[in-house]
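Working notes, beginning with the structure itself.
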Amino acid sequence: MGLLTIIRKNKAKSKEIRILFLGLDNAGKTTILKKLNDENISDISPTLGFNIKTLIRDGYTLNIWDVGGQRTLRPYWRNYFESTDAVVWVVDSSDRMRMDDCQSELKGLLKEERLAGATLLVFANKQDLQGSMSLEEIRDALDLKSIISHRWIVHPCSAYTGKGLEKGMNWLINEVAGRLYWSGILSTTTSTNQGGAIS
C-alpha cells in the first residue's frame with residue numbers, strides 16, 4: 001500500500017479539508033468568512049494575526065485559517081502552509097493600484113513546496129462596487145494563465161451581499177474532494193485554460 005493511499009484513507013475517515021484564506025489587507029477575507037458563517041459583518045477590524053473557523057459543508061469539515069494580509073504579516077504566512085488542501089486568494093476587485101503587489105505575492109505563494117498541488121480559488125471580491133475589475137482583467141493582472149501547477153478558478157463575489165460565495169466554495173469543495181476522496185462532483189465551469197477557469 002503506497003503512502004499516498006494511506007494518506008487518502010486517513011483523510012477519508014474524517015473528511016476534513018484544510019483551507020487557507022490569504023490575500024492583501026482589506027481584500028475582504030474576514031468578511032467573506034463571517035458571511036459564510038452567517039455572522040454579523042457590520043463591525044470588522046483588520047486581522048492582525050489569524051482567525052480559525054470550522055464550517056460543515058456537504059458532509060465535509062472545512063478547517064479555515066484566515067491570516068492577516070498586511071505587508072508586515074506576510075512573511076508569517078508560511079507558518080500556516082502545512083497540510084493545506086486549498087488556498088482561497090481574495091482579491092479586492094476595486095483596488096487596481098495594488099494588482100502588481102497582489103500578483104507578486106500570489107506567485108511567491110504558489111512556489112512554496114508545502115502548497116504543491118493545493119487547489120486555488122481566486123475570489124474576485126467587491127464585484128458590487130462600481131468600476132471593479134472584470135474577471136478577465138483580474139485573471140490577466142494576476143497572470144493566472146501561466147499557472148499550470150495548481151487547479152484554479154476566478155470566481156466573482158461580494159462579501160457584503162454574499163453573492164457568489166457559496167458557489168465558489170462549492171467548486172472548491174468538489175475539486176478538493178475529487179482529489180482527496182475520489183468523491184468530488186465534476187466541476188461545471190467554463191473557459192477552462194491550463195488547469196484554470198473563469199466562472
Side-chain angles (χ1 to χ4, degrees), residues 1-23 29 32-33 35-38 52-67 77-78 80-91 106-125 127 135-136 138-139 142-157 159 162-199:
M1 185 182 293
L3 179 61
L4 189 59
T5 306
I6 293 170
I7 292 170
R8 280 178 164 165
K9 283 193 172 182
N10 285 339
K11 274 189 169 285
K13 287 177 186 174
S14 57
K15 284 201 169 182
E16 290 186 1
I17 298 176
R18 180 182 161 96
I19 303 172
L20 205 50
F21 265 59
L22 295 173
K29 301 179 292 296
I32 287 174
L33 203 46
K35 196 73 172 179
L36 285 169
N37 205 35
D38 293 325
I52 304 172
K53 292 279 184 202
T54 300
L55 305 179
I56 307 296
R57 290 287 191 282
D58 300 327
Y60 296 96
T61 301
L62 312 183
N63 296 314
I64 302 176
W65 295 70
D66 162 33
V67 188
W77 284 353
R78 61 177 58 92
Y80 304 92
F81 291 166
E82 208 64 50
S83 304
T84 294
D85 299 311
V87 173
V88 176
W89 184 257
V90 182
V91 177
L106 179 59
K107 283 289 176 75
L109 197 69
L110 297 180
K111 289 177 184 171
E112 291 285 343
E113 193 175 322
R114 284 177 294 167
L115 294 179
T119 301
L120 174 65
L121 166 62
V122 177
F123 258 146
N125 190 26
Q127 287 289 307
L135 301 189
E136 290 79 8
I138 290 171
R139 177 197 61 197
L142 298 181
D143 193 25
L144 294 177
K145 283 185 177 180
S146 69
I147 298 171
I148 56 174
S149 55
H150 300 256
R151 284 278 297 159
W152 58 267
I153 193 172
V154 183
H155 191 78
C157 75
K163 187 174 181 180
L165 297 183
E166 291 293 344
K167 190 175 177 186
M169 291 302 291
N170 286 341
W171 176 87
L172 188 74
I173 293 165
N174 289 336
E175 277 293 319
V176 175
R179 181 163 46 85
L180 295 181
Y181 308 117
W182 298 292
S183 61
I185 302 164
L186 285 174
S187 177
T188 56
T189 56
T190 56
S191 306
T192 300
N193 189 324
Q194 289 185 314
I198 288 181
S199 102

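Because only heavy atoms are used, hydrogens play no part in the values below, and waters and symmetry mates are left out as well, while side chains stay in. One-based numbering along the sequence shown.
Residues satisfying the side chain to side chain contact (heavy atoms under 4.5 Å, CB included) criterion with Ala159, sequence neighbours excluded, are Thr31, Ile32, Asn125. Under the rule for a side chain to side chain donor-acceptor pair (under 3.5 Å), Asn170 has no partner lying at least two apart in sequence or in another chain. With sequence neighbours excluded, no residue satisfies salt bridge (charged side-chain N to carboxylate O under 4.0 Å, His left out) with Arg78. Arg57 pairs by the side chain to side chain donor-acceptor pair (under 3.5 Å) definition with Glu166, not counting sequence neighbours. By the salt bridge (charged side-chain N to carboxylate O under 4.0 Å, His left out) test, Asp58 is found to be paired with no residue, residues two or more places apart in sequence or in another chain being considered. With sequence neighbours excluded, no residue satisfies side chain to side chain donor-acceptor pair (under 3.5 Å) with Lys163. Taking the salt bridge (charged side-chain N to carboxylate O under 4.0 Å, His left out) definition, one finds that Glu113 meets it with nothing, sequence neighbours left out. Applying the ring-ring contact (aromatic ring centres under 6.0 Å, His included) criterion to Tyr80, with sequence neighbours excluded, gives Phe50, Trp65. Residues meeting the side chain to side chain donor-acceptor pair (under 3.5 Å) test with Lys35, sequence neighbours left out: none.
Nearest heavy-atom pair, Leu115 versus His150, reported as atom, atom and distance to 0.1 Å: O-CE1, 2.9 Å. Leu165 approaches Phe123 most closely through the heavy-atom pair O-CZ, 3.6 Å. When every heavy atom of Thr119 is checked against every heavy atom of Glu175, the shortest pair comes out as CG2-CB, 3.8 Å. When all heavy atoms of Leu121 and Gly168 are compared, the pair lying nearest together is CD2-O, 3.6 Å. The two residues Gly117 and Arg179 make their nearest non-hydrogen contact at O-CZ, 3.4 Å. Considering every non-hydrogen atom in both Lys107 and Ser146, the closest pair reads NZ-OG, 3.4 Å.
Contact annotation: the side chain of Met169 never approaches that of Leu55 to less than 4.5 Å [non-hydrogen atoms, C-beta and beyond]. Side chains of Leu142 and Val154 form no contact here, defined as non-hydrogen atoms less than 4.5 Å apart. Considering only heavy atoms from C-beta on, Asp143 stays 4.5 Å or farther from Leu106 through its side chain. A heavy-atom distance below 4.5 Å is found between the side chains of Asn63 and Glu16.
Between the side chain of Trp152 and the backbone N or O of Ile147 there is at least one donor-acceptor pair closer than 3.5 Å. Side-chain N or O atoms of His155 include one that pairs as donor or acceptor with a backbone N or O of Gly164 at under 3.5 Å. Using a distance-only test at 3.5 Å, with no hydrogens or angles considered, a donor-acceptor pair links the side chain of Asp85 to the main chain of Arg18. Remark: side-chain polar atoms of Lys29 are paired, donor with acceptor, to backbone N or O of Gly23 under 3.5 angstrom.
Between the OG1 atom in Thr61 and the CD1 atom in Ile17 there is a gap of 9.0 Å [rounded to 0.5 Å]. Rounded to the nearest 0.5 Å, atoms CG (Leu120) and CH2 (Trp89) are 9.5 Å apart. Between Leu20 atom CG and Glu82 atom CD the span is 11.5 Å, to the nearest 0.5 Å. With rounding to the nearest 0.5 Å, the separation of CD1 in Ile19 from CG in Leu172 is 5.0 Å.
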After noting the C-alpha distance and the side-chain angles of Val176 and Tyr60, does the key distance pass the side-chain contact (heavy atoms from CB on, under 4.5 Å) rule? CA-CA 10 Å; Val176 175; Tyr60 296 96; over 6 Å; no
